[in-house]
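Nothing here was measured: the structure is a model prediction, and the numbers come from that model. Just so it is clear: chains get the letters A, B, ... in the order the sequence lines come, proteins before strands, and each one is counted from 1.
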Amino acid sequence: MLSSPFIARPLSVDRIMRRVLYALLPGIALYVWYFGPAILVSIALAATTALATEALMLKLRDRPVRPFLSDYSALLTGVLIALSIPPFAPWWLPVVGTAFAIAVAKHLYGGLGSNPFNPAMIGYAVLIISFPQEMTQWISPQGMGHSVLSYGEQLRYVFSGVLPAGMQLDALTMSTPLDTLKTQLQLGMTVSDIRDLPIYGRLAGKGSEMVAAGFALGGLYLLIARIIPWQLPVAFLGTLFALSGVFHLIDPAHYAPPLFHWFSGAAMIGAFFILTDPITSPTTAKGRILFGIGAGVLTFVIRAYGGFPDGVAFATILMNMCVPLIDVWTQPRIFGKKKKESKR
Amino acid sequence: MSKLHSFHGGIHPPTHKKESTQSPIMTAPLPAQLIIPFRQHAGEAAKPVVQVGERVLKGQLIGEPVGAISSSIHAPTSGTITAIELQQVAHPSALPDLCATLVPDGLDEWGVRQPLSYRQLSSVELQKHLRRCGIVGMGGAVFPSDMKLSHPVVVNTLIINGAECEPYITCDDMLMRERAEGIVRGIEILRHALGTDAVLIGIEDNKPQAIAAMQRAIDESSHPFKVVVVPTLYPGGSAKHLIKVLTGVEVPSGKLPTDVGVQCFNVATAYTVHRAVEHGEALVSRVVTVTGNVEHARNYEALIGTPFSDLVALSLPKADTDRYIMGGPMMGVELPAVNVPLVKASNCVIAASDALFPPQPPAMPCIRCTRCAQACPAELQPQDLYWFAQSDNFGKALEYDLFDCIECGACAYVCPSSIPLVQYYRYAKSEIRARDLEKRAADLARERHDFRQFRIEREKQEKAERLAQKERAAAEAKAAAAAVAAATPADPDADTDDTQQIRIDAALARAKEQAAAATPKNTETLTPEQRAEIEAIEARRAKIHDLAADAGADDEPPKNSQGN
């Protein structure tokens, strides 16, 4: 016999995940617009790997394949990994990263709902630590750099590895705006001098700033549609803004301005698509604010003082570790109780 | 008081109330037989006071209350009691309960009715009358109404619950539309008994006709009652949540509304109070919604004990109906069989099918999205409670206030993974209760054992002392005899006698002291509640034995003894 409630009208997991995927589309479209279609190939590779690995792991774990495969969570992990690695990277890079993310970071921890770390960020971390060289081959935005590839030439390179005669890969790729900032600062340049370099646009890196804006747009949709809680992106971006703002005010020559931080690297995609992974973030409102603040501080610290140009991935993973503790600390009061008197 | 407050969470399920409000309340025809359970209220079941074969009149007492929390049961019509036996009732456990079978004689002849003038009555007299009339909360909890009037603290606000937040149910709505005057009169009686000034009647804004009818009745009565229109939000009809919305006061966890100076009654309860006091009618019928997968959804005024099958048949269930739910779709229970009888708690029966209530997809893992926490009106963390319940981590579940869960089902309604969350909470609660009972029984057994050991020890000691005393007396007698023999006509040895008496007294005092020291461990010092609980357990145990005996050797004894 069934028991109540007998009715339900949930927004199912697969619909939630699908909406998150839709929300990535503006960012992806701008990515293609500014950097060419190579990213689509990476996404396809990562997505295929994600689904294949998911199916394999489900089989190995003796779990039903179809319902889990159709929840879109693996697909989302794959897409997020593809978006965080250079599109001109060798084909096996997204494959290895995604396979690791799904097999180890997700399924070895118990699969959907049980993984303590964000699988996409674990995949990224594995790649940046294991293959730092390959992870730097970012494409110069279209209409910039030393030479320009047409969309057709770009795709031909991705599939066959053949560049048009006389072109070198080095001429087509560049380090990221965050990376350049870090290197040039170490070489003694000031922030304003560095930002005069041709790779920079109005807010941050030319092209990449627009991609970040695209992700922010998708993120706003998720916020408005209440797919993600507001506390995480607001606390994270607010902290990043405040912290970088203070440092920038004190020492503008050595610290980039807040908007530069917002629109560089993985800040926007992190704020709206990575930190907001419900499985690996806190469940309480207060906890989410703490989590966002922590991730913001760590991101800034790693960007300003760390060995890696961007810090979102490591900040996420480090904060993921704190989630159980944060959840216990921030239990809200319940109806009819003054304080959490029953706790501890 | 114009400002409305709000509570956290809540959901907006489709209300489906239109279907059953199209036609007026219809009096259901007299059924061929009535099955009247003796347990239709919270607390102890009533004790049968009629014999099989006896002719009873409508409103005649057939079951009298047992203990403080209990109520009376009456014959819903005139006729003959043909059986008093265990029968299946509307309880999800499908366990049988003691019921009287009444075959109506078709005359529907009332017994003695004694209308009262409430103004001349004290609260205590009113309480007695309501208890005699079997008045209990009609909102579903069926708590004896007399108990709710006998409160030790000052109640300054009376709240009348006309929210009816559950989808499909419209019995209160229709009652307010059609019998607002009676409700208002009942409210005035309750107000009089409580001695309150302020009366707030909360009605959800999806019942404009009921609101208008109530307002009209109040205007005509010139009582200063206030109809407050509250937003439609499930579970806004939960007493504690309605109190919060109307007054802004949160009834503390584990406390009663009276602890914050508020008492709450359902509109249908107010109506039965009016019938009981001003017409002298015992509670023998109620309005019930029959809806869902039927041709003619509507409300019936039906006699208590009417088999649901009779009511459902009146509304013509559609062909694919394969189950029936008593109550609403959010908190109702599936009937073990459709021929079980209507009871005082039955506000609605829904004919259901897979088309109406599609089966949920298989549950997927929790993704900690906390949509449940956002929906939870008790402000709990359902995702954590689920985690603790499924891992049998009951200590943690208690720590996270599992028992503040009101099982409203809002969490399960919104769960993206279709996890039957409420089932997990019910499971955890019943496990905890069962373990608690077990532990208490074990404690009791240990205490009994300890006391027995102590008693044996004490008796042994007393025996030894008696023996010693006898020996001493003998020795002294001997000595005295010897002394006499020595022909010393000395004064009697009062001195020795005295010391002996002192020693005896001291020994007795010691024994008494030990006994006193041991009593705290004894069952004698239990609080009244504990004692009541133990009694309840004993009664239930006895009942299980009875059931097992009655069920015969072919049925195995029922396992779940404490449904709810």
query: So which of B/Val249, B/Thr370, B/Leu356, B/Ile367 has the largest heavy-atom pair count under 4.5 angstrom toward chain A?
result: B/Ile367

- request: Give the member of A/Arg288, A/Arg15, A/Arg226 that has the highest number of heavy-atom pairs under 4.5 Å with chain B.
  value: A/Arg288

message: Regarding A/Thr283 and A/Asp327, do their side chains bring together a donor and an acceptor under 3.5 Å, going by distance alone?
response: yes

message: Let's test your reading of the structure: which of B/Pro329, B/Cys408, B/Gly409 forms the most heavy-atom pairs below 4.5 Å with chain A?
response: B/Pro329

- prompt: Are B/Phe394 and B/Phe388 near enough that their ring centres are under 6.0 Å apart?
  reply: no

- prompt: Do B/Thr170 and B/Ser20 have side-chain atoms, one donor and one acceptor, less than 3.5 Å apart?
  reply: yes

message: Counting heavy-atom pairs under 4.5 Å with chain B, which one of A/Gly113, A/Ala285, A/Ala8 comes out on top?
response: A/Ala8

- prompt: Does any N or O in the side chain of A/Asn320 come within less than 3.5 Å of the main-chain N or O of A/Thr280, such that one atom is a donor and the other an acceptor?
  reply: yes

field: Contacting moiety of A/Pro64, where chain B heavy atoms sit under 4.5 Å
entry: neither

task: Please look at A/Ile16 and chain B and tell me whether the side chain, the backbone, both or neither of the residue comes under 4.5 angstrom of a heavy atom of that chain.
output: side chain

- prompt: B/Ile11, B/Ile325, B/Asp404: which one forms the most heavy-atom pairs within less than 4.5 Å of chain A?
  reply: B/Ile325

query: Is there a donor-acceptor contact under 3.5 Å linking the side chains of A/Thr53 and A/Lys106?
result: no

message: With no hydrogens and no angle check, just 3.5 Å: does a side-chain donor-acceptor pair link A/Thr49 and A/Thr98?
response: no

message: Among B/Gln374, B/Gln383, B/Lys244, B/Arg426, which residue has the highest count of heavy-atom pairs closer than 4.5 Å to chain A?
response: B/Arg426

field: Contacting moiety of B/Val251, where chain A heavy atoms sit under 4.5 Å
entry: backbone

Note: B/Lys255-B/Glu250 ion pair, threshold 4.0 Å (strictly below): no

query: Is it the backbone or the side chain of B/Pro14 that comes under 4.5 Å from a heavy atom of chain A, or both, or neither?
result: side chain

- request: Check the angle between the aromatic planes of B/Phe357 and B/Tyr168 and answer parallel, tilted or perpendicular using the 30° and 60° thresholds.
  value: perpendicular

message: Less than 4.5 Å to any heavy atom of chain B: does that hold for the side chain of A/Asp71, its backbone, both, or neither?
response: side chain

query: Taking all non-hydrogen atoms of both residues, which atom of A/Ala271 and which atom of A/Phe236 are closest, and how far apart?
result: CB-CD2, 3.5 Å

- prompt: Considering only heavy atoms, which portion of B/Pro13 lies under 4.5 Å from any heavy atom of chain A: side chain, backbone, both, or neither?
  reply: side chain

task: Sort B/Ala412 into side chain, backbone, both or neither according to what part of it lies under 4.5 angstrom from a heavy atom of chain A.
output: both

field: Segment of B/Met330 engaging chain A (4.5 angstrom heavy-atom cut-off)
entry: both

field: A/Ser281 versus chain B, the contacting section by heavy-atom distance below 4.5 Å
entry: backbone

task: Go through B/Gln263 and B/Ile159 one step at a time and tell me if the side-chain contact (heavy atoms from CB on, under 4.5 Å) criterion holds.
output: CA-CA 6 Å; B/Gln263 189 55 292; B/Ile159 287 182; over 6 Å; no

task: Please look at B/Cys366 and chain A and tell me whether the side chain, the backbone, both or neither of the residue comes under 4.5 angstrom of a heavy atom of that chain.
output: backbone

